[in-house]
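In this text, all values refer to a predicted model and were calculated from it rather than measured experimentally. Side chains are part of it too, since the values below use all heavy atoms of this structure and drop only hydrogens, waters and symmetry mates.
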Number of protein chains: 2
Amino acid sequence: MNIYDVSQKAGVSIATVSRVINGNRSVADSTRRRVEAAIKELGYEPNVFARGLGLNTMQTIGILCNDSSDIYIANAVYYLQHFLSEHHYDSILCCTGNNPDDFRKYTKMILSKRVDAVIYTGSQFILNHPEDHDNNYIVDASKEVPIFLLNGMLEGENIYCVVNDDHLAVHDAAMKLIRHGRRHIVYLYSGTTLSSQNKLSGFTDALNEAGIPNRIAYTHLGPKDIYAAKSYLESLYDQNLPMDAVMASEDTLAVGAVKFAEEHGIRIPEDLEIIGYNNSILAECTEPELTSIDNHVEKVCRTLTDNCLKVLAGEDAPHKVIRTADLISRETTVN
Amino acid sequence: MNIYDVSQKAGVSIATVSRVINGNRSVADSTRRRVEAAIKELGYEPNVFARGLGLNTMQTIGILCNDSSDIYIANAVYYLQHFLSEHHYDSILCCTGNNPDDFRKYTKMILSKRVDAVIYTGSQFILNHPEDHDNNYIVDASKEVPIFLLNGMLEGENIYCVVNDDHLAVHDAAMKLIRHGRRHIVYLYSGTTLSSQNKLSGFTDALNEAGIPNRIAYTHLGPKDIYAAKSYLESLYDQNLPMDAVMASEDTLAVGAVKFAEEHGIRIPEDLEIIGYNNSILAECTEPELTSIDNHVEKVCRTLTDNCLKVLAGEDAPHKVIRTADLISRETTVN
DNA sequence: GCGCGCTCTGTAAGCGCTTTCATTTGTTTC
DNA sequence: GAAACAAATGAAAGCGCTTACAGAGCGCGC
């Protein structure tokens, strides 16, 4: 069944049917109603391919990430897809997996599907790409369709970013620990993203401002390395290095810190305060429950999709939105 | 740039270019090489719409779930997408969110995109659908494209299922608890899926076989209700009902059980054994760490996508694959 | 009454590809 | 060497839609 059948049923030409479908206003009301009735009666659905060929759009948006099974990203993907679908956009999901160097390849793949926009989330690729350190491929892609970055920053005419002020959030959290008298704070560091860089600098800046000697230690872990985080702390402990607080760039790593403390009879939060990041479900699973920084995935995604829909509708949207993250106090910090 | 440009460059007709692209064998080697060179030099990518119009396929598969942010589903979605992309199939993700009654609507939506197959995962919809209790819409959909169910069972010519033997896994785990002398086992029950039904019946069957009087209690919770699970156990506790083990249909609920025990000074596993389900990252976050049933998401997804690719290639595939799940012993059970 | 501009509708030309069918060329076979 | 066949290629007809363009019908002012 195709547009022709509908036109026959309604007694009009296919052009008129097409106009009705596309909301073209130059159709008489009576005709419109007749066509709509025919469409409904026949249960007609336009063929997306033919439609795409004509309009060169398929109401589809590409979502690119490296690991959609990461709790944070999974949430982001869920909200992005959900909000977009409210406006009848479908989402093509594309995960590069453990090989972030594939971002260029996947970008090309997803563009070849003629998506109307691409959303990069996780932004694992924004920094430290040996082969592509200036993210050329994103800039290239932005020549074809608008690009949206979740927690990434890139300047460009057709690039729109929504970021959390990770620097500020970590800075303030560190300050809080410092006000509590903590002087030997370990920062557990994961990722190679802009976001993780910002978190780290928020941390070091706070320590510098407070004039705390550079006794901090930080390490470089994977985002899911609970046990590596724990071992790392143990190695510090074995060296008898003082330690009275731990900040982590991911809740997973903070979980490792909790495990470390429990195993060594270190009291939380009296002897060791711990702060995680993401305020994920993990923060509620430990005992004591984790204090964690919440970057409001849902709202961030809403902002991003709002921008995206605006741009696709031909309206303006801000190229850069910065949102604040909040510290959610639970049991691993004092107060 | 289009197929015509390539044909000009290679000095052949567009038909020949098309044949090269589609791997049609009746092209002379020398011609093929010439065309391939032209394609490469021009960086040509076929237009998917035009291609779709001709072939009526877009190498795209729809993945339908209710909540892709659920840890288990997020993992499944990740693997499904990843495995499919290895074979150049893209994935359109579609989440119904909290309204499982929308499954019909979303199914229609996704079919209108002319996907080559639909994968239902999570299968929250397989049972207890007031309006659609016999899953007609899936059967209907299977008339258009092959349907694949992850942890769902439905008979149909064009329907292919991969399920875990949840019944067996829970049954055996319950037996283990019974062998440990547990007689007052609480089952924390979530979901309305086939899967959750099977888990429950595995549990009750085990108790019946062991001749344990029907002193069990189970409740109906949401899959993320850590605190509801905890409160529920507390209510039993307050009633002085005996309880020496807890089994949960989700790790989240088992986490609630751990919290309950810790808060009331109940020793794990001596006084209370706890078994979760999914063997998710949550199982490693608690202290003590959770014993949990692992249903091998990755392998299950591999099996499903293998079947899917076979069917799409016109080959046969089993309509029903049953896989076994394994108990991963950690610290919340004896041994 | 005529021309003008407006609204509504139809005709037909694409969009970029696949594929049938016909044609050409080369290879056997007797 | 002619007939029969196979292999390689091109011309052209779609696929189902959008849309530029043209035309029909109508009301209006002069």
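- Considering only residues two or more places apart in sequence or on other chains, A:D5 meets the salt bridge (Lys or Arg N to Asp or Glu O under 4.0 Å) condition with none of them.
- Among residues two or more places apart in sequence or in another chain, the salt bridge (Lys or Arg N to Asp or Glu O under 4.0 Å) test is passed with B:D306 by none.
- A side-chain donor-acceptor contact under 3.5 Å links A:D116 and A:T57.
- Between A:Y79 and B:S69, the side chains place no donor N or O within less than 3.5 Å of an acceptor N or O (distance only, hydrogens not considered).
- A nucleotide of DNA chain D counts as in contact with chain B when one of its atoms lies under 4.0 Å from a heavy atom; the first and last such, 5' to 3', are D:dA8 to D:dG16.
- Scanning for side chain to side chain donor-acceptor pair (under 3.5 Å) contacts around A:T305 gives an empty result, with sequence neighbours left out.
- In the model, B:N22 has a side-chain atom that pairs as donor or acceptor with a side-chain atom of B:R51 under 3.5 Å.
- Axis orientation changes by 50° from one end of the helix from C:dG1-D:dC30 to C:dC30-D:dG1 to the other, with each end axis drawn from 5 pairs and the value rounded to 10°.
- A donor-acceptor contact shorter than 3.5 Å links the side chain of B:T193 to the backbone of B:S196.
- Side-chain atoms of A:N151 and A:Y72 include a donor-acceptor pair closer than 3.5 Å.
- For DNA chain C, the neighbouring residues in residues 1-10 of chain B, judged by any heavy atom under 4.0 Å, are B:N2, B:I3.
- A straight line from CG of B:N56 to P of C:dT18 spans 13 Å, rounded to a whole angstrom.
- Counted within 6.0 Å of CD on B:E155, heavy atoms from surrounding residues, nucleotides or ligands total 12 or fewer; the atom is thus considered open.
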Could you tabulate the donor-acceptor pairs under 3.5 Å formed by side-chain atoms of residues 35-48 of chain A, not counting sequence neighbours?
residue	atom	partner	partner atom	Å
A:E41	OE2	A:K9	NZ	3.2
A:N47	OD1	A:F49	N	2.6
A:N47	OD1	A:A50	N	3.1

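- Cation-pi contact between A:R104 and A:Y137: absent, since separation from the ring centre below 6.0 Å together with deviation from the ring axis within 45° is not met.
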Dump the pairs, protein N or O against N or O of nucleotides 20-23 of chain C, anything under 3.5 Å, distances to one decimal.
residue	atom	partner	partner atom	Å
C:dT20	O4	B:R19	NH2	3.3

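- Scored by the side chain to side chain donor-acceptor pair (under 3.5 Å) test, B:S30 finds no partners at all (sequence neighbours excluded).
- Under the 4.5 Å side-chain criterion, counting only non-hydrogen atoms from C-beta, B:I119 is in contact with B:L304.
- Scanning for salt bridge (Lys or Arg N to Asp or Glu O under 4.0 Å) contacts around B:D70 gives an empty result, with sequence neighbours left out.
- Residues passing the salt bridge (Lys or Arg N to Asp or Glu O under 4.0 Å) test with A:E298, sequence neighbours excluded: none.
- Within residues 20-49 of chain A, the residues having any heavy atom closer than 4.0 Å to DNA chain C are, in order of number, A:S26, A:V27, A:A28, A:T31.
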